[in-house]
Amino acid sequence: VLPRLLPWSPARKSKMDYMNGPGRNHLFVPGPVNIPDQVIRAMSRQNEDYRSPAIPALTKTLLEDVKKIFKTTTGTPFLFPTTGTGAWESALTNTLSPGDRIVSFSLGQFSLLWIDQQQRLGFSVDVVESDWGYGADLGALESKLRTDSQHTIKAICIVHNETATGVTNDLHAVRKLLDAYRHPALLLVDGVSSICALDFRMDEWGVDVALTGSQKALSLPTGLGIVCASPKALEAAKTAKSVRVFFDWKDYLKFYKMGTYWPYTPSIQLLYGLRAGLDLLFEEGLDNVIKRHTRLGTATRLAVAAWGLKNCTAKEENFSDTVTAVVVPPYIDSSEIVKHAWKRYNLSLGLGLNKVAGKVFRIGHLGHLNEVRTHARRRRNCLRSASRR
Ligand SMILES: *Cc1c(COP(=O)(O)O)cnc(C)c1O
Ligand SMILES: *[C@@H]1O[C@H](CO)[C@@H](O)[C@H](O)[C@H]1NC(C)=O
Ligand SMILES: *[C@@H]1O[C@H](CO)[C@@H](O)[C@H](O)[C@H]1NC(C)=O
Ligand SMILES: *[C@@H]1O[C@H](CO)[C@@H](O)[C@H](O)[C@H]1NC(C)=O
Ligand SMILES: CC(=O)N[C@H]1CO[C@H](CO)[C@@H](O)[C@@H]1O
């Protein structure tokens, strides 16, 4: 069947169309990020019967392959039609009971929002504060673990890469502390802006629940919350008393056993998109994807230094390779820079959030992005001379 060609005339173009001239808007916010064309094409399709044999066959490959982005062989993944916020809720309610004590690190807007959710869900949250721009205070965690011989702490909640300040936390160090004190607390990790861009090793670092959202480093449209549970987390789910319905792992596990996979309607288009997105990641190689992010992160920080501006992230060891938060001089409102970039250059940058509103703007460098291609040697020289400056 030939596609029906619609008559086109300039008069049909809406005002909105004129706003989008040729080429792309330049999207450099730390999520949502650019979607690869292959993913967009894979998603452009009709709805399908999700109980037909085709969708469970597709789902099976997705559940197997999604484990690779978490670097786990023992974890069990769940694909929820939700965002990162729903994935947080799924991690908490499936493993904990109301009133349970959680140690949670506050270091930027996203950790703050997660803490707010933890409090509203009725957990007893022991908040460890860091100044914005600094990493999680592991010294404070150590003293809490040392004095908790009764094991009242049921979980440690930590954001791997704080998208608001451009700080990456050392998860391996958290695991080593838990092990050093033989503490059984679950380790729950928000990897929304790190998984698929930064080095992340669920099994090796003993992460009990790891989660991410589709619109960040995975470079898909918004709408999939991916949660991965360790065997210990699945065991905890058997006794956790928090009320949960939509996000209940039990319902998913039941359908996994039947080989039909879905307790309710999945977004077929997003599943095909995820398939295409994972294929692209594996084709490039996860390690190369991570290296690409290291390169882009380093280059962005060097550019910021060359502009004479400050990184919001206070210490080099805490720098994030997926987002750079730039501090502007006190006489400038950073929101004006973001507005100007959008109006003048069709360039989307991230605003400063909450405590750092007006003080910083953010450059996202995660997902389906590249640099201007130069000969490798020229690129090295370029980076070298920039760092001398
Ligand atoms: C974006 C983000 C979230 C929130 O995810 P939503 O998809 O907007 O619900 C959570 N954590 C981090 C680290 C994020 O970057
Ligand atoms: C950029 O946006 C302006 C409107 O804000 C529009 O006039 C212009 O055509 C756009 N250019 C591109 C390349 O999208
Ligand atoms: C990051 O910063 C915190 C303190 O701000 C520190 O405890 C931690 O060890 C730092 N390093 C890494 C690699 O996370
Ligand atoms: C920002 O980061 C770059 C890269 O590590 C560093 O060279 C530079 O000194 C930093 N700038 C400031 C002002 O801290
Ligand atoms: C655990 C982890 O991913 N650490 C990374 C934090 O970010 C710095 C700089 O971006 C990397 O060098 C670390 O490997």
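This chain uses plain numbering: 1 for the first residue, then up along the sequence. All values below were derived from every heavy atom in this structure, side-chain atoms included, with hydrogens, water molecules and symmetry-related copies excluded. One-based numbering, in listed order, for ligands and for the atoms of each. If you're wondering where the values come from, they're calculated on a predicted model, not measured in any experiment.
- For F247 and Y252, the ring centers are positioned 6.0 Å apart or more.
- Tested against L96 for a side-chain contact (heavy atoms from CB on, under 4.5 Å), the candidates L92, T93, N94 yield a single pass: L92.
- One finds no salt bridge joining K241 and D100 here, because no Lys/Arg side-chain nitrogen approaches an Asp/Glu carboxylate oxygen to under 4.0 Å.
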I'd like a table of the close N/O pairs between ligand 1 and the protein (anything under 3.5 Å), one pair per line with both atom names and the distance.
{"from": "ligand 1", "atom 1": "7 (O)", "to": "G84", "atom 2": "N", "distance (Å)": "2.9"}
{"from": "ligand 1", "atom 1": "7 (O)", "to": "Q215", "atom 2": "NE2", "distance (Å)": "2.7"}
{"from": "ligand 1", "atom 1": "9 (O)", "to": "T83", "atom 2": "OG1", "distance (Å)": "2.6"}
{"from": "ligand 1", "atom 1": "9 (O)", "to": "G84", "atom 2": "N", "distance (Å)": "3.3"}
{"from": "ligand 1", "atom 1": "9 (O)", "to": "T85", "atom 2": "N", "distance (Å)": "2.9"}
{"from": "ligand 1", "atom 1": "9 (O)", "to": "T85", "atom 2": "OG1", "distance (Å)": "2.5"}
{"from": "ligand 1", "atom 1": "11 (N)", "to": "D190", "atom 2": "OD2", "distance (Å)": "2.6"}
{"from": "ligand 1", "atom 1": "15 (O)", "to": "T163", "atom 2": "OG1", "distance (Å)": "2.5"}
{"from": "ligand 1", "atom 1": "15 (O)", "to": "K216", "atom 2": "NZ", "distance (Å)": "2.7"}

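- Partners of N47 according to the side chain to side chain donor-acceptor pair (under 3.5 Å) rule, which considers only residues two or more places apart in sequence or in another chain, are Q269.
- Using cut-offs of 30° and 60° for the angle between ring planes, the H160 and W205 rings count as perpendicular.
- Not less than 6.0 angstrom separates the ring centroid of H365 from the ring centroid of H293.
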